[in-house]
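Heads up, the thing below is written out as structure tokens.
Here the structure is a predicted model, which is why all the values come from computation and not from measurement. Atoms within a ligand are numbered from 1 in the order they appear, just like the ligands themselves.
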Amino acid sequence: MTDRFPTADSVLDALTKGGGGAYFGEPVTVLEHSLQAAWFMERKGGSPALVVAALLHDLGHLLHGEGEDAADRGLDTRHEELAAEVLAGHLPAAVIDPIRLHVAAKRYLCHANPRYFAGLSPASVESLALQGGPMNDAEAEAFLALPHATEAIALRHADDAAKVRGLAVPAADAYRERMVALWS
Ligand SMILES: [Fe+2]
């Protein structure tokens, strides 16, 4: 398999150059959303791995080639798996697991907290149905037993908050050093 992202800079490049498209019915682009998620995670005191995970959690949306209306067409692109797959050879589990689990974390939170579901954006509700809907008791228990489940939930909260039109946040470069330090 070719290594799609041989360096940390190649990922940042893809995000900054390819992330300008609309973000699935939200009022921000994929890049704005990613930068906001990283910034919110940083302000919450997230570890470097979790801040980098927040920055890259939606990289898969730039890779699946299904277009911005995938959910409208009834398609779950499994973007969380895509991103985890292309990055797994270079970044540690503390980054990869929360990325892979950030959709499961949404399904978990919908099960655990009815108020969480009520606060989801319309686009997020639409994709939830395609992603399997809220977890049941057994699924929730299994999810919580996974490594980095707690971190995935923290990432999910940053993800949900990161949809603010026009919010000024640091650019991707602000996270480069942390990403390079984690990259192998
Ligand atoms: Fe996201």
Quiz item: Are the side chains of Val169 and Phe40 in touch, meaning some heavy atoms are under 4.5 Å apart?
Solution: no
Self-check item: Name of whichever N/O/S atom of Asp159 is nearest to the Fe ion (ligand 1)
Solution: OD1
Self-check item: Spacing of CE belonging to Met41 relative to OH belonging to Tyr175, to within rounding of 0.5 Å
Solution: 11.0 Å
Exercise. Run the numbers on His102 and His148 for ring pair (Phe, Tyr, Trp, His ring centres under 6.0 Å), then give the verdict.
Key: CA-CA 10 Å; His102 81 273; His148 299 114; over 10 Å; no
Self-check item: Metal site angle (apex the Fe ion (ligand 1)), OD2 from Asp58 and NE2 from His57, 10 degrees
Solution: 90°
Quiz item: Yes or no on ring pair (Phe, Tyr, Trp, His ring centres under 6.0 Å) for His64 and His79, after CA distance, side-chain angles and deciding distance?
Solution: CA-CA 7 Å; His64 58 61; His79 72 282; 7.4 Å; no
Practice problem: Check whether any N, O or S atom of His33, backbone or side chain, sits closer than 2.8 Å to the Fe ion (ligand 1). | Solution: yes
